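Before any comments, here is the structure.
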2 protein chains.
Amino acid sequence: MSKKEELLKIAENKVRQGGYNNFSFREIANEVGIKSASVHYHFPTKADLGAELAHQYTDAFLAALGDVDDIKARGENPIDIYTQIFKGALLTDDKMCLCGLLGAQNESLPEKVQVEVKRFFDKNLTWLHAAHTANGEANPAHAAITTVSLLEGAMMISKALNDHSYFTLATQ
Amino acid sequence: MSKKEELLKIAENKVRQGGYNNFSFREIANEVGIKSASVHYHFPTKADLGAELAHQYTDAFLAALGDVDDIKARGENPIDIYTQIFKGALLTDDKMCLCGLLGAQNESLPEKVQVEVKRFFDKNLTWLHAAHTANGEANPAHAAITTVSLLEGAMMISKALNDHSYFTLATQ
DNA sequence: AAACACCTACCTACCAAGTGATAGTTTATG
DNA sequence: CATAAACTATCACTTGGTAGGTAGGTGTTT
């Protein structure tokens, strides 16, 4: 794992705990064993780091989701898959969704980062629209926004109450 | 309106835009026309300010909700009232729910603030449990967490996508 | 009435620590 | 030798917080 990848991984954990302002170049540099000035070699500005973080997070999330048609071909329900991936993110890492937290504090973010957060939700809604359509939902647009809202909200409240059982209760 | 109340009002707006770190004593002091050192007279530490902010927000929110029995007695649906109050907070102020944002970044908050955020959601879930029970729901605990999750999530995504129509779509 | 203590709500002046960022330099690798 | 990836050293600025002072009001004692 390259220093750059390490920096992103550490920054991701910090952002998922406390938002965009919850990490500094000095902190993440210390944790990977380099100097803060060297972080600027990999990421010219903090906004660049934040944007790349959200971009890679989105790509990894979509890759984990897979293809709606493939899921249907396997005889599985894509909405169940989607829910399980959200649940995994919360239970495995005990952390919020990166783009969920960033989305909530959207107004205070550099524009570069806002664009990537928007991309995350656009892609999620597109995927969910396809999934609900494949499921024969009458109003896939409505079902899509409802699905992602419920999951992000349940995640947020589980973190606020420090009790994952609320997520389980909301999604069963 | 006293200086203290002004400070809280300005801090609230900033937190609802970008979280706990999105305001400083200097900023809010400047905006009300006093010095940052004087803010410490009203709030010994930043954590005290944050905690009082969340506490007052919760009280105001509960007051706006009113009593479940009264709502039922008027022949209205308390869940509709609850939804409308959430919608009003988003549309009127164009801002996230204060405790929603704070809840998402819970891990990075001073404990004093965490306690108040927890209080917000505990009280909300209690209110919703009573509301769904009054509505004759078979599983009021499940319905309560589902209701608040959907609304908080829809709010977050509407902010992320900078388009309130997603909130409307999710709640109709 | 005058003197006193006390309180509220601010002030000035300062501090140590942390912030993102820059310029220029060195070291290791292919 | 060239490039990548780090370094040292420093910058201007912001952060929460503290120490101590002060003007004006209230109340209480002499």
Side-chain angles (χ1 to χ4, degrees), chain A residues 1-56 101-102 105 107-116, chain B residues 1-56 101-102 105-117:
Chain A
M1 198 183 224
S2 70
K3 294 282 185 192
K4 183 173 179 176
E5 289 169 323
E6 282 185 63
L7 288 167
L8 283 171
K9 195 191 80 184
I10 291 170
E12 179 187 321
N13 278 326
K14 301 210 181 267
V15 174
R16 288 176 67 186
Q17 273 177 41
Y20 183 71
N21 301 308
N22 200 41
F23 78 97
S24 74
F25 274 34
R26 266 177 182 67
E27 271 184 320
I28 62 173
N30 282 344
E31 290 195 34
V32 309
I34 63 174
K35 297 294 167 182
S36 78
S38 307
V39 180
H40 287 279
Y41 170 77
H42 299 288
F43 309 99
T45 68
K46 188 176 178 178
D48 291 310
L49 196 164
E52 194 160 330
L53 193 58
H55 193 92
Q56 291 197 7
L101 218 174
L102 291 177
Q105 60 174 169
E107 285 180 78
S108 70
L109 298 178
E111 215 189 307
K112 273 185 179 180
V113 183
Q114 290 189 13
V115 168
E116 295 299 331
Chain B
M1 195 181 225
S2 70
K3 294 283 185 189
K4 183 173 179 177
E5 289 169 324
E6 282 185 63
L7 288 167
L8 283 171
K9 196 192 81 184
I10 291 170
E12 178 186 323
N13 278 326
K14 301 212 182 266
V15 173
R16 288 178 66 185
Q17 273 176 42
Y20 184 73
N21 301 308
N22 200 42
F23 78 97
S24 73
F25 273 34
R26 266 178 182 66
E27 269 184 322
I28 62 173
N30 282 344
E31 290 195 36
V32 310
I34 63 174
K35 298 295 167 180
S36 78
S38 307
V39 181
H40 287 279
Y41 170 76
H42 300 288
F43 310 99
T45 69
K46 188 176 179 179
D48 291 309
L49 197 163
E52 193 160 332
L53 194 57
H55 193 92
Q56 291 198 5
L101 219 175
L102 290 178
Q105 60 175 169
N106 200 45
E107 285 180 79
S108 71
L109 298 178
E111 215 189 308
K112 274 184 180 183
V113 184
Q114 291 188 13
V115 168
E116 294 300 330
V117 174

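Values reported hereafter were calculated over all heavy atoms of this structure, with side chains retained and with hydrogens, waters and symmetry mates removed. All values reported here derive from a predicted model rather than from experimental measurement. Quick note on labels: first sequence line is chain A, next is B, and so on, each numbered from 1.
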Check: B:Leu8 and B:Leu49 side chains under 4.5 Å, non-hydrogen atoms:
yes

When rounded to the nearest 0.5 Å, the distance separating CD of A:Glu31 from CG of A:Asn13 is 9.0 Å

What distance separates B:Asn106 CG from B:Gln114 CD, expressed to the nearest 0.5 Å?
4.5 Å

Whole angstrom is fine here: how far is it from CZ in B:Phe25 over to C1' in C:dT12?
18 Å

Taking the side chain as every heavy atom from C-beta outward, state whether A:Leu102 and A:Val15 have any atom pair closer than 4.5 Å.
yes

Measure from NZ or CZ of B:Lys46 to the centre of the six-membered ring of B:Phe23, then state whether that distance is under 6.0 Å and the direction lies within 45° of the axis.
yes

Anything under 4.0 Å to a heavy atom of chain B counts; send over the first and last such nucleotide of DNA chain D, read 5' to 3'.
D:dT15 to D:dT18

For a quick test of reading the model, state the closest non-hydrogen atom pair linking B:Gly50 to B:Tyr20 and the distance between them.
CA-CE1, 4.2 Å

Counting only heavy atoms not in B:Lys3, do more than 12 sit closer than 6.0 Å to its NZ atom?
yes

Taken to the nearest whole Å, CZ/A:Phe23 to C1'/C:dG18 is 15 Å

Residues from residues 4-19 of chain A sitting under 4.0 Å of DNA chain D, heavy atoms only?
none

Residues passing the salt bridge (charged side-chain N to carboxylate O under 4.0 Å, His left out) test with A:Glu5, sequence neighbours excluded, are none

Would you name the heavy atoms of A:His40 and A:Pro44 that are closest together and state the gap between them?
ND1-O, 3.0 Å

Does anything in residues 106-116 of chain B reach DNA chain D, meaning a heavy atom under 4.0 Å, and if so which residues?
none

Quick one: closest heavy-atom pair of A:Val32 and A:Glu6, and the distance?
CG1-CB, 3.7 Å

B:Asn21 and B:Gln105 have their tightest heavy-atom pair at ND2-NE2, 4.3 Å

Within residues 34-54 of chain A, which residues have any heavy atom lying less than 4.0 Å from an atom of DNA chain D?
A:Ile34, A:Lys35, A:Ala37, A:Ser38, A:Tyr41, A:His42

At their closest point, which heavy atom of A:Glu116 faces which heavy atom of A:Ala54, and how far apart are they?
CB-CB, 3.6 Å

Run the numbers on A:Lys4 and A:Phe43 for side chain to side chain contact (heavy atoms under 4.5 Å, CB included), then give the verdict.
CA-CA 9 Å; A:Lys4 183 173 179 176; A:Phe43 309 99; 3.6 Å; yes

Between atom NZ of A:Lys112 and atom NE2 of A:His55, what is the distance when rounded to the nearest 0.5 Å?
13.5 Å

Over the length of the helix from C:dA1-D:dT30 to C:dG30-D:dC1, how much do the five-pair end axes diverge, rounded to 10 degrees?
10°

Below the 4.0 Å mark, does C:dG18 have OP1 or OP2 next to a side-chain nitrogen or oxygen of A:Ser24?
no

Partner of B:Glu12 under salt bridge (Lys or Arg N to Asp or Glu O under 4.0 Å), chosen from B:Lys9, B:Arg16, B:Lys14
B:Arg16

